[in-house]
Number of protein chains: 2
Amino acid sequence: MKTTTASAARQFPCDKCPLQGFPHFQLHEKEEIKFLSGFKTGELVADAGTTVLVEGANSAHLFTVLSGWGFRYKTLDDGRRQILNYVLPGDLIGLQGSVMKEMQHSIEALSPMILCVFQRDKLPDLFRNFPNLAYDITWLASREEQMLDEILLSVGRRTALERAAYLFAFIFQRAKSVAMVKNGKLTVPVTQQHVADTLGLSIVHTNKTLRKLAGRGALRWLDRGCEVLDEQMLMDISGWPGLPAAPRPYI
Amino acid sequence: MKTTTASAARQFPCDKCPLQGFPHFQLHEKEEIKFLSGFKTGELVADAGTTVLVEGANSAHLFTVLSGWGFRYKTLDDGRRQILNYVLPGDLIGLQGSVMKEMQHSIEALSPMILCVFQRDKLPDLFRNFPNLAYDITWLASREEQMLDEILLSVGRRTALERAAYLFAFIFQRAKSVAMVKNGKLTVPVTQQHVADTLGLSIVHTNKTLRKLAGRGALRWLDRGCEVLDEQMLMDISGWPGLPAAPRPYI
DNA sequence: CGTTTCATTGATTAGTCTCAACGAAGGTGG
DNA sequence: CCACCTTCGTTGAGACTAATCAATGAAACG
């Protein structure tokens with residue numbers, strides 16, 4: 001397991017945060033940006049395959065993803081792994097570690113990532129002086145919960161084919177909202193092992209399920225990733241109505 | 001489907017909140033209690049089987065459970081149901097409906113419940129003037145996320161027997177922390193259909209799995225509920241390390 | 001006293017897992 | 001530059017887990 005590579009370079013001052021550019025992202029007040037500039041302690045560049053946060057660590061910082069893909073996961077003692085959710089630009093990670101005692105899950109980079117690093121001990125300060133930002137954090141926590149609800153429904157009650165279709169429709173829509181979809185197409189940088197650990201299936205059965213979806217033209221498997229081709233077909237197969245398009249905050 | 005029964009009677013003023021009595025629950029400041037008294041609009045008494053919150057409703061209030069059992073769930077179009085988590089005294093429910101546009105899940109009472117009802121539109125006021133309470137809400141949202149992480153790990157990666165053992169160990173510990181366990185025993189007011197919809201299994205297989213656990217003496221199935229007998233055995237079977245015993249807030 | 005809900009059980013079927021093997025691609029070191 | 005190794009995707013066969021179908025009994029209810 002690779003360790004994270006820290007980088008002191010700060011390429012993105014908060015008033016030029018790259019997240020500002022995304023369509024549904026709510027902008028901050030001047031005062032808030034000023035505070036956030038101090039709240040932010042730097043940037044972390046993580047290579048693909050890197051573990052960004054480890055379960056059990058309590059020294060965790062708080063991060064916002066500026067670019068790249070990652071995933072949250074938990075493992076059982078014997079090594080069985082469950083991927084809980086994927087992490088995309090705009091997502092806040094490490095809140096559990098800040099609010100509770102320690103992180104109960106790990107986070108790993110799927111692609112090179114740039115993370116905005118916040119100072120955990122200034123969080124009370126944020127709550128005291130910037131109620132709107134505090135509300136934003138709560139909003140983001142609620143959203144994560146809502147995503148988990150839907151993922152749990154899927155893993156618990158959908159068939160393998162429906163589950164796989166849901167997963168890629170879901171990822172596609174999330175990616176679309178942060179401008180990662182180019183020309184209606186998207187390449188998700190995962191292996192089939194990742195997909196298996198997300199869906200709660202074996203890797204063999206995952207392969208057979210993905211081939212079915214590929215056979216229908218819903219997606220195509222590439223070198224080391226999945227190209228989503230037909231969002232609508234995936235939604236039809238899974239019976240998933242899609243994500244509501246609402247304005248969203250970020251920190 | 002029964003509808004909820006509203007009750008105007010207010011039996012519990014905030015300074016005598018029954019949740020104060022529980023061991024790990026953090027107490028509030030006087031000022032906070034004063035605010036909460038205004039934040040609270042009344043109490044809701046729900047009978048067993050009653051739907052407290054419906055998916056899609058956006059008029060939802062915010063509630064804290066004062067007593068009784070409930071569960072959160074989602075359903076697919078064809079009726080397949082997934083129970084997401086159980087709801088016990090001290091839990092805050094309806095936050096998704098307050099923070100996002102609308103609820104994406106429903107909540108139903110398993111036993112008679114008493115809920116503390118809050119006025120959703122005063123939530124910004126709370127964030128503005130009571131940062132500690134705002135932090136508490138975030139804490140509770142984080143905790144829900146953490147529970148969901150663990151449930152998802154279980155549904156995705158544990159065997160049927162491990163899953164069932166985990167479920168009742170988990171419920172037992174949560175119930176213990178709010179003094180619902182008497183003499184080391186607990187009766188959970190669920191049917192096997194509830195258990196099946198929690199574990200992502202069919203009802204037939206759930207029955208066979210529960211009989212195995214009963215055969216080993218870990219639990220006993222009663223009239224309409226499950227009596228947890230051997231917490232340690234359930235933890236051993238599931239390989240679940242248990243809940244951390246930390247002080248927790250409530251609203 | 002019929003009706004409904006819930007738990008239970010056996011038989012059969014379907015879905016998924018494990019085992020095993022192999023090919024393709026990429027990386028590494030000699 | 002090539003031989004070797006590793007990772008990843010793929011496929012088939014057989015075993016096993018869990019779903020479905022079907023039927024029954026017990027208790028609660030109106």
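Just so we're clear, the structure is a prediction, and the values are computed from it rather than from any experiment. In what follows, chains carry the letters A, B, and so on, assigned in the order in which the sequence lines appear, proteins first and then strands, with residues in each chain numbered from 1.
The side chain to side chain donor-acceptor pair (under 3.5 Å) with H105(B) is formed by just one residue from the set K74(B), Q82(B), R72(B); it is R72(B).
Listed by residue number, the members of residues 187-198 of chain A with any heavy atom below 4.0 angstrom from DNA chain D are T191(A), Q192(A). Within a heavy-atom distance below 4.0 Å of DNA chain C, no residue of residues 159-167 of chain B is found. Contact check of residues 210-231 of chain B against DNA chain C (heavy atom, cut-off under 4.0 Å) returns R211(B), W221(B), R224(B).
In terms of modelled atom types and a separation under 3.5 Å, the side chain of D78(B) and the main chain of R80(B) share a donor-acceptor contact. Under a 3.5 Å cut-off, the side chain of T64(B) and the backbone N or O of L92(B) do not form any donor-acceptor pair. Under a 3.5 Å cut-off, the side chain of S154(B) and the backbone N or O of E150(B) do not form any donor-acceptor pair. R158(B) places a side-chain N or O within donor-acceptor distance of the main-chain N or O of S238(B), the cut-off being under 3.5 Å. Here the side chain of E43(B) pairs a donor or acceptor atom with the backbone of F12(B) at under 3.5 angstrom. With hydrogens and angles ignored, the 3.5 Å screen pairs no side-chain donor or acceptor of Q96(B) with any backbone N or O of R143(A). Of the possible polar contacts, one joining the D230(B) side chain to the Q232(B) backbone as a donor-acceptor pair under 3.5 Å is found. At distances below 3.5 Å, not a single donor-acceptor pair connects side-chain atoms of Q192(B) with backbone N or O atoms of I203(B). Looking only at distances, a side-chain donor or acceptor of T206(A) sits under 3.5 Å from a matching main-chain atom of S202(A). Using a distance-only test at 3.5 Å, with no hydrogens or angles considered, a donor-acceptor pair links the side chain of R157(A) to the main chain of L201(B).
Using a 4.0 Å cutoff to heavy atoms of chain B, the contacted part of DNA chain C runs 5' to 3' from dC6(C) to dA11(C). For DNA chain D, the contact window with chain A, defined by any atom under 4.0 Å from a protein heavy atom, covers dC8(D) to dA13(D) in 5' to 3' order.
Within 6.0 Å of CG on D77(B) lie no more than 12 heavy atoms contributed by other residues, nucleotides or ligands. Within a 6.0 Å sphere centred on NZ of K212(B), other residues, nucleotides and ligands contribute 12 heavy atoms or fewer.
If you check the side chains of D149(A) and Q104(B), you find no donor sitting under 3.5 Å from an acceptor.
For the residue pair M147(B) and F170(B), the shortest heavy atom distance occurs at SD-CZ, 3.6 Å.
The pair R174(A)-D91(A) meets the salt-bridge criterion, since a charged nitrogen lies less than 4.0 angstrom from a carboxylate oxygen.
Summary for the helix from dC1(C)-dG30(D) to dG30(C)-dC1(D): the axes at its two ends, each from 5 pairs, differ by 40° when rounded to the nearest 10 degrees.
H194(B) has its ring centre less than 6.0 Å from the ring centre of F71(B).
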